[in-house]
Protein chains: 2
Amino acid sequence: MADVARLVGVSSQTVSRVSNGYPGVTEETRRQVLAAMRELGYRPNSAARALKRGEFRTIGVITFTLSTTGNVRTLEAIAASAAEQGYAVTLLPLAVPTQDEVKGAFSRLGELAVDAVIVIMEVHLLDAATVSLPPGIQVVVVDSDAGDRYTVVDTDQAGGARDAVRHLLDLGHHTVWHLAGPEDSFAAQRRANAWHTTLTEAGRVPPPLVRGDWSAESGYRAGLRLAEQKDCTAVFAANDQMALGLLRALHERGRKVPAEVSVIGFDDIPEAGSFLPPLTTVHQDFAEVGRRCVEGVLSKIRQDVTDAEAETEHGTTLVPTRLVLRDSTAAPPKAPPPR
Amino acid sequence: MADVARLVGVSSQTVSRVSNGYPGVTEETRRQVLAAMRELGYRPNSAARALKRGEFRTIGVITFTLSTTGNVRTLEAIAASAAEQGYAVTLLPLAVPTQDEVKGAFSRLGELAVDAVIVIMEVHLLDAATVSLPPGIQVVVVDSDAGDRYTVVDTDQAGGARDAVRHLLDLGHHTVWHLAGPEDSFAAQRRANAWHTTLTEAGRVPPPLVRGDWSAESGYRAGLRLAEQKDCTAVFAANDQMALGLLRALHERGRKVPAEVSVIGFDDIPEAGSFLPPLTTVHQDFAEVGRRCVEGVLSKIRQDVTDAEAETEHGTTLVPTRLVLRDSTAAPPKAPPPR
DNA sequence: GGGCATAATGTTTACGTAAACATCGGTTGG
DNA sequence: CCAACCGATGTTTACGTAAACATTATGCCC
């Protein structure tokens with residue numbers, strides 16, 4: 001910066017002003033400074049900037065795994081939104097999803113160059129641990145019901161599940177089985193609850209819940225068992241991968257989809273339309289979730305600047321889902337068996 | 001830091017020494033300082049650290065999309081390796097894969113808090129653009145053949161493709177069709193070349209190349225065409241998603257896999273084992289690719305520190321693949337049709 | 001016992017930037 | 001015509017840390 005100033009014959013403060021687009025600089029001077037910056041290849045030093053400004057313009061994203069579609073798509077959307085706002089995104093991966101790890105990550109956060117954090121993870125892990133967030137770091141959580149303690153943004157899990165179950169009931173199915181995700185996932189829990197509620201409200205008896213772990217393989221194993229249930233004509237899988245495994249198991253056991261059994265998924269991964277048969281599923285708007293996360297976190301930062309100690313209001317933002325009809329659901333083969 | 005020093009009654013320099021684990025501090029003093037740091041909730045300010053030290057301990061990752069398995073898995077591995085080395089990872093997503101975007105990203109790099117960059121992208125985009133990297137920022141590229149200009153780490157695309165083709169030939173197929181990825185992907189190009197070479201070397205005539213765009217949907221479209229080719233008994237798809245679409249198309253057209261047509265994929269995505277039928281594919285070791293990237297970039301940084309102007313030696317590191325045999329490949333139905 | 005390493009700690013300074021305040025020349029209104 | 005004012009620019013200072021150098025105390029050797 002000093003070099004640029006010297007070359008033009010102005011003070012470094014003027015260079016700073018140009019560099020930050022402040023007013024109060026002659027057009028002529030500005031042009032000269034910009035030219036000098038180009039000539040000397042000047043780049044502002046972000047460390048010094050951060051030090052001076054007290055902010056990094058960076059959002060940290062804590063997540064356990066990038067192997068689930070949802071996390072990745074959300075992350076991608078977050079990165080895009082953040083970039084739009086002039087913020088960078090730093091990844092804070094956790095080796096294992098234990099409370100200790102989460103705790104460690106949160107305490108490391110203090111020394112990390114981050115203004116805010118978005119946690120893509122069920123907060124269970126946060127709860128028990130005596131996690132104290134470094135002050136001044138704002139948080140938004142995805143996949144949680146902790147709307148009273150944190151700001152939460154999430155897909156409307158319940159709404160999506162309800163739509164899925166209703167769709168199957170509307171087709172004439174007597175009841176709907178559910179292939180749920182792992183117990184420690186809040187999203188899985190929420191989908192399962194909504195499934196149960198929707199059935200009950202419709203006066204149907206929910207069959208026993210079958211549990212998977214999100215993986216296609218677990219869906220396959222569950223599917224082998226479900227194929228034996230001759231009264232099972234409709235299954236709502238908590239994600240598309242498990243639905244994929246389910247389809248494979250049903251196919252192996254000679255149960256036609258959708259003629260004999262209807263299957264519906266959740267997520268609408270890009271491949272869902274290429275399954276055998278193309279999968280009817282609940283589309284999640286990850287892009288919107290990401291956008292809202294960034295929005296939430298940035299508004300908190302800005303608010304924090306203005307009214308210093310105002311207790312930020314928490315709450316939950318739900319992003320609606322959309323049912324995507326393909327070929328894996330149809331009316332049941334015959335009158336449902338008597339109870 | 002000053003507060004901590006005051007509380008203990010030492011100078012801030014001593015606190016700094018404790019904070020950085022330097023020797024020359026009495027055990028007693030160290031204990032007191034650590035206690036004071038805990039009490040006051042002291043966290044070193046990373047901006048000031050970065051400013052003083054001249055490094056951010058952060059690696060930037062430039063990638064166009066997180067929608068391909070490979071990119072995501074590589075990114076995940078990079079983040080993990082980096083964390084192990086005490087480095088953070090900052091994501092630099094590109095809105096669109098144009099040269100202008102890439103150029104923009106690279107120039108922004110200069111003001112970004114990043115010591116090195118890993119580019120997960122075909123370098124074509126870099127080539128034509130008069131991209132000048134900010135000096136002092138080291139680069140490692142994935143998915144490229146620019147080993148002479150950049151340090152490149154990649155999966156052994158050619159080796160994997162060769163193994164895939166040989167496997168099919170060994171099963172007795174007369175020749176192997178290829179469903180390639182998009183032209184602008186170096187990985188796709190490399191796999192296609194190896195496919196062609198392997199066939200030619202085996203004295204076989206390569207059928208016309210069919211092109212997709214990595215998506216399952218494009219695989220499906222290609223599959224509809226391939227299903228018409230009655231002499232097509234074996235297809236090597238350049239990735240698993242396209243293989244998935246291919247399977248669906250073949251199934252719809254009544255072509256049994258693997259009885260009539262063998263299909264092999266590339267990547268070994270987690271779902272591959274749950275396809276119908278479970279997909280034989282070429283496994284990529286993304287974790288290793290990520291690890292090598294970080295290794296490469298960090299060794300450059302360290303080298304750069306020691307011998308200032310030494311021209312870093314470029315080169316290409318190839319990570320081997322592994323053929324995973326499942327149920328989508330088998331011997332051809334009959335003697336291959338005469339040429 | 002005096003000189004002299006050595007270990008422990010303190011003091012000064014600089015990293016690059018930008019806010020706060022200071023200066024200077026020119027314009028405007030009474 | 002002068003004072004108040006304004007816009008353009010310069011000067012000083014502080015952000016939090018750590019390297020370099022300075023100081024003090026301790027003990028050891030001849």
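Note on naming: letters A, B, ... go to the chains in the order of the sequence lines (proteins, then strands), and numbering restarts at 1 for each one.
- Among residues at least two apart or in separate chains, salt bridge (charged side-chain N to carboxylate O under 4.0 Å, His left out) pairs with a member in residues 2-25 of chain B are B:Asp3-B:Arg6.
- In terms of the side chain to side chain contact (heavy atoms under 4.5 Å, CB included) criterion, residue partners of A:Asn71 (sequence neighbours excluded) are, by chain and number, A:Thr63, A:Thr65, A:Thr68, A:Ile120.
- Atom OG1 in A:Thr58 sits 11.5 Å away from atom CG in B:Leu91 (nearest 0.5 Å).
- By the salt bridge (charged side-chain N to carboxylate O under 4.0 Å, His left out) test, A:Arg31 pairs with A:Glu28, sequence neighbours left out.
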Only Watson-Crick and G-U wobble pairs with both distances less than 3.5 Å should count. Give DNA chain C in dot-bracket notation, marking inter-strand partners with |. ||||||||||||||||||||||||||||||

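- A:Thr29 meets the side chain to side chain contact (heavy atoms under 4.5 Å, CB included) test with A:Val10, A:Thr14, A:Val25, A:Thr26, A:Val33; sequence neighbours excluded.
- Looking at B:Glu288 and B:Arg292, a side-chain N of the basic residue comes within less than 4.0 Å of a carboxylate O on the acidic one, giving a salt bridge.
- Scored by the salt bridge (charged side-chain N to carboxylate O under 4.0 Å, His left out) test, B:Arg73 finds no partners at all (sequence neighbours excluded).
- Looking at A:Ser46 and A:Arg53, their side chains never bring a donor and an acceptor atom within 3.5 Å of each other.
- B:Arg190 pairs by the side chain to side chain donor-acceptor pair (under 3.5 Å) definition with nothing, not counting sequence neighbours.
- For the segment residues 22-32 of chain A, residues with any heavy atom less than 4.0 angstrom from an atom of DNA chain D are, sorted by number, A:Gly24, A:Val25, A:Thr26, A:Thr29.
- When DNA chain D is scanned in the 5' to 3' direction for atoms under 4.0 Å from non-hydrogen atoms of chain B, the outermost contacting nucleotides are D:dG16 to D:dA20.
- Within residues 10-21 of chain A, the residues that have a heavy atom under 4.0 Å from DNA chain D are, in order of number, A:Val10, A:Ser11, A:Gln13, A:Thr14, A:Arg17.
- To the nearest 0.5 angstrom, B:Ile301 atom CD1 is 7.5 Å from B:Glu55 atom CD.
- Annotation: side chain to side chain donor-acceptor pair (under 3.5 Å) contacts involving residues 76-95 of chain A, sequence neighbours excluded, comprise A:Thr90-B:Thr90.
- For B:Glu27, the side chain to side chain donor-acceptor pair (under 3.5 Å) test picks out no residue, with sequence neighbours left out.
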